[in-house]
Amino acid sequence: MRIILLGPPGAGKGTQAERIVARHEIIQLSTGDMLRAAVKAGTEVGQKAKAIMESGGLVSDDIVIGIVSERIEEPDCKNGFILDGFPRTVAQAEALDKLLDEKDMSLDAVVELVVDEGALMARMENRVKETLAAGGQVRKDDNPETFRQRLEAYTAQTAPLSSFYAKTGRLKQIDGMQGIDEVTADIERVLSDSVSA
Ligand code: AMP
């Protein structure tokens, strides 16, 4: 099973991806993790990606597509994978279609967690207030301004992906504002429909 999970930061993609991985015995492939590993190992890709990642920009399509192309041929991808953080742009989505086609693979589902961004902002502001009130520390990226920037970047660069997949009839939208278990149940329904289709 090969899946793409779309949705803005804070939509619960990580939690749902973990559940999908456990249930379907597939692996999660995160381009962010792969790039961080390349930077750490000091490979050629890592050297090219380092400064871009530090500035919060997007690493070039050629580099990212190259690492995904190699990675999905590894034996541990045989059962399938869930892509996390890729594709990030329509150009990457087009390239992914092309490379899957070349490898005689196909996508089973593109699942988008649809959320109300205003409600997500309120949720994260509350979480920060509660943590501080309890005397705890908040993560560096857990502040409303950074969160707003990440949401804006998502809307500008990544949201057009949902139109791309909708146009080709592959997009399955799920209400991401429901409880975690309800979202998981909806995802499972979509996945079983897609695989049996
Ligand atoms: P992430 O862990 O997904 O937030 O990714 C961390 C950083 O890696 C991003 O800010 C980008 O610089 C880079 N990156 C990860 N995935 C991609 C991608 N699909 N395209 C371009 N850059 C990416």
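When a ligand or atom number is given, it counts from 1 through the structure's own listing order. Keep in mind it's a predicted model, so treat the numbers as computed, not measured.
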- Task: Determine, for Glu44 against Lys48, whether the closest basic-nitrogen to carboxylate-oxygen distance falls under 4.0 angstrom.
- Result: yes
- By chain and number, the residues contacting ligand 1 below 4.0 angstrom (heavy atoms only) are Thr31, Gly32, Leu35, Arg36, Met53, Gly57, Leu58, Val59, Val64, Gly85, Phe86, Arg88, Gln92
- Between Arg189 and Asp186, is there a side-chain N and carboxylate O pair less than 4.0 Å apart? yes
Output side-chain donor-acceptor pairs under 3.5 Å for residues 72-79, partner residues at least two apart or in another chain, one line each.
{"residue": "Glu73", "atom": "OE2", "partner": "Lys103", "partner atom": "NZ", "Å": "2.6"}
{"residue": "Asp76", "atom": "OD1", "partner": "Arg71", "partner atom": "NH1", "Å": "2.9"}
{"residue": "Asp76", "atom": "OD2", "partner": "Arg71", "partner atom": "NH2", "Å": "2.7"}
{"residue": "Asn79", "atom": "ND2", "partner": "Glu25", "partner atom": "O", "Å": "3.1"}

- Quick one: do Val59 and Thr31 satisfy side chain to side chain contact (heavy atoms under 4.5 Å, CB included)? Show the steps, please. CA-CA 10 Å; Val59 174; Thr31 42; over 6 Å; no
- For Gln137 and Thr131, test the side chains for any donor-to-acceptor distance below 3.5 angstrom and give the result as yes or no. no
- Query: In terms of heavy-atom contacts, does CD1 of Ile52 have more than 12 from other residues, nucleotides or ligands at under 6.0 Å?
  - Reply: yes
